[in-house]
Each structure stands twice: as C-alpha cells, then as structure tokens.
Protein chains: 2
Amino acid sequence: MTIKTPGQPARGSSSGRPIMVLLDVLGQRWVLRILWELRAERLRFRELQARCDGVSPTLLNQRLKQLRTLEIVDADDDGYGLTSSGVALGKELSRLNDWAERWKTSLQ
Amino acid sequence: MTIKTPGQPARGSSSGRPIMVLLDVLGQRWVLRILWELRAERLRFRELQARCDGVSPTLLNQRLKQLRTLEIVDADDDGYGLTSSGVALGKELSRLNDWAERWKTSLQ
DNA sequence: AGAGTTGCTACATTTTATGTAGCAATCCTC
DNA sequence: GAGGATTGCTACATAAAATGTAGCAACTCT
C-alpha cells in the first residue's frame with residue numbers, strides 16, 4: 001500500500017497538484033463516508049465500522065492508515081477523529097449535505 | 001448497472017438520505033475527477049477521457065450515464081457539461097481546491 | 001469515395017473490495 | 001488473579017469492479 005501526499009503524483013494524475021491528490025483520495029470507496037461519520041464525534045474502530053454499514057475491517061484499516069498519513073484523521077485513546085485539517089474538510093462535507101438537500105428537491 | 005437516486009437507498013446505506021446517495025456517488029472512482037474537469041467547460045467524450053488521464057471508455061460511459069440520470073451532468077451537440085445543479089456542485093469542488101492548497105502548506 | 005472524428009461497446013486481464021474467522025492485547029468484574 | 005468481554009486489527013478465499021486494447025457504426029469534411 002503506497003500512500004500519496006500532495007506534491008507527489010496522484011493515482012491517475014501526473015501533476016501532484018494538491019487538488020488532484022485530494023480528488024484521488026476522496027474518490028476511494030468509503031473515504032467520504034468515513035470522514036462524514038467522524039465529522040461529529042470521535043469513534044472507536046468497531047463503532048466507526050458499524051456506522052459505515054459494516055465496511056470490511058481490512059479496508060477500513062487501510063483507509064484509516066492513509067488518512068492518518070495525510071493528517072486528516074488522527075487516533076488516540078478515545079479512538080479515531082479528525083485533525084484540525086480534517087475538521088475544516090468536514091465543514092466542506094456539511095456544505096455538500098446542504099447541496100444534496102436542494103438537489104433532492106430539484107429532482108422531484 | 002443500477003443507478004441510485006436520492007430517496008432510494010444508497011450502496012452502503014440503508015437510509016436513502018440525499019447526502020448518503022451523494023457520498024456514495026462521489027466516492028466512486030473518477031466521479032470527482034469528471035466533475036472537476038467539466039467544471040470549467042463542456043467537453044466531448046474523448047477529450048474528457050484524455051483529461052481524466054485516459055480513464056477507460058467503458059467506465060467513463062458508465063459514470064456519465066449515472067451522472068446524467070442524477071441530473072448533475074447533461075449532454076448536447078457540444079458534448080458533456082454540468083447541469084445547473086452540477087454547476088453548484090462544481091463550486092463546492094472549487095472550495096475543496098482551496099482547502100487542498102491550505103492542506104499542502106500545513107503538511108510541510 | 002476516402003480519411004478522419006465521433007461516441008461508444010466487447011472482452012480478457014488485473015486490481016480492489018467483501019465477508020468471515022480469529023488472534024493478541026487490554027480492561028473490567030468478581 | 002481467573003473469566004469474560006472488548007479492543008484494534010490481520011489473513012485469506014471469494015466476488016466485484018476497473019483497466020486496457022481493439023474495433024465498430026454513424027457522421028463530417030474534403
């Protein structure tokens with residue numbers, strides 16, 4: 001498992017521009033969901049797994065490792081949570097929630 | 001290929017809440033990138049493919065179909081582009097770009 | 001008519017994710 | 001301080017998804 005950081009090229013991209021790294025990371029299955037679930041509170045591994053509809057522990061651990069390397073998520077005695085960067089990113093996810101509510105309305 | 005819409009349950013989620021559908025859609029490989037590339041201009045299939053680092057046409061088509069069903073992307077004689085909902089979502093992606101720039105700085 | 005471009009589809013191969021079992025370490029209760 | 005529960009994982013076989021390449025039918029432009 002190699003983990004990309006901004007400055008290094010992302011999966012698909014040749015540039016290494018931070019946004020490309022970010023789109024690449026967030027575009028991996030469960031990553032958005034993990035951040036969403038950690039947005040409000042710190043969670044232990046098994047509780048986070050449960051909230052992510054029972055995602056396999058293999059994958060959850062893989063993603064958490066990556067998000068910790070990227071300093072978006074951290075871990076302590078109380079479990080996993082967002083770093084200060086992560087919190088800011090979480091706020092952007094809340095905006096996506098607002099967008100999604102409007103979207104639902106417009107789809108009807 | 002089944003395509004979820006808000007109101008119906010998402011891949012992992014049992015709820016069908018719009019945000020869950022959205023996180024599910026955006027969390028699929030290449031979706032964020034496709035939206036990012038369409039943010040500034042309409043693109044034809046092959047041009048979009050090229051900008052997405054040569055993503056396979058199979059997958060690109062699959063994603064575009066889904067995004068059209070969800071009324072985030074549309075298509076006309078000039079190729080593919082964002083709907084009005086899509087444009088609003090694109091603006092959120094621009095905010096992610098800002099976040100990513102700050103993130104890069106803080107990682108050094 | 002011939003060459004180029006369009007938006008795809010088919011399909012074999014490779015990569016990723018899932019699901020289940022289980023293990024070693026810590027914690028809590030008695 | 002023994003027994004049970006909970007912790008954070010790892011292993012591994014199976015299933016699902018993505019990749020890469022080839023190519024086709026419809027259109028356009030000489």
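In what follows, chains carry the letters A, B, and so on, assigned in the order in which the sequence lines appear, proteins first and then strands, with residues in each chain numbered from 1. Keep in mind the model is a prediction, meaning the values are calculated, not measured.
Residue contacts for A/Arg46: at a heavy-atom cut-off of 4.0 Å it reaches a base atom on one of the strands shown.
Between A/Arg44 and A/Asp77, no side-chain nitrogen of the basic residue sits less than 4.0 Å from a carboxylate oxygen of the acidic one, so the salt-bridge criterion is not met.
Remark: B/Glu92 CD to B/Asn97 CG distance equals 13.0 Å, nearest 0.5 Å. A/Ile72 contributes atom CD1, which lies 12.5 Å from atom CZ of A/Arg63 (distance to the nearest 0.5 angstrom).
Taking 4.0 angstrom as the limit, B/Arg29 places none of its side-chain polar atoms (N or O) nearer than this to OP1 or OP2 of C/dT15. Contact check, A/Asn61 against D/dT10: a side-chain N or O comes under 4.0 Å of OP1 or OP2.
Rounded to an integer number of Å, the gap from CH2 of B/Trp30 to P of D/dG20 is 9 Å. Between the P atom of D/dA11 and the CG atom of A/Leu60 lies a distance of 16 Å, rounded to the nearest Å. Atom-to-atom, CZ of B/Arg44 to P of C/dG4 comes out at 19 Å; the value is rounded to the nearest Å. Between the CG atom of B/Leu48 and the P atom of C/dT6 there is a distance of 13 Å, given to the nearest Å.
Taking 3.5 Å as the limit, the base of C/dA17 and the side chain of A/Thr58 contain no donor-acceptor pair of atoms between them.
The B/Ser56 side chain lies nearest to D/dG20 when the options are D/dA18, D/dG20, D/dG8. Listed nucleotides: D/dA18, D/dG8, D/dT10. Nearest to the side chain of B/Arg63: D/dA18.
A cation-pi arrangement is present between A/Arg39 and A/Trp36, with the terminal nitrogen or guanidinium carbon under 6.0 Å from the aromatic centre and inside a 45° cone about the axis.
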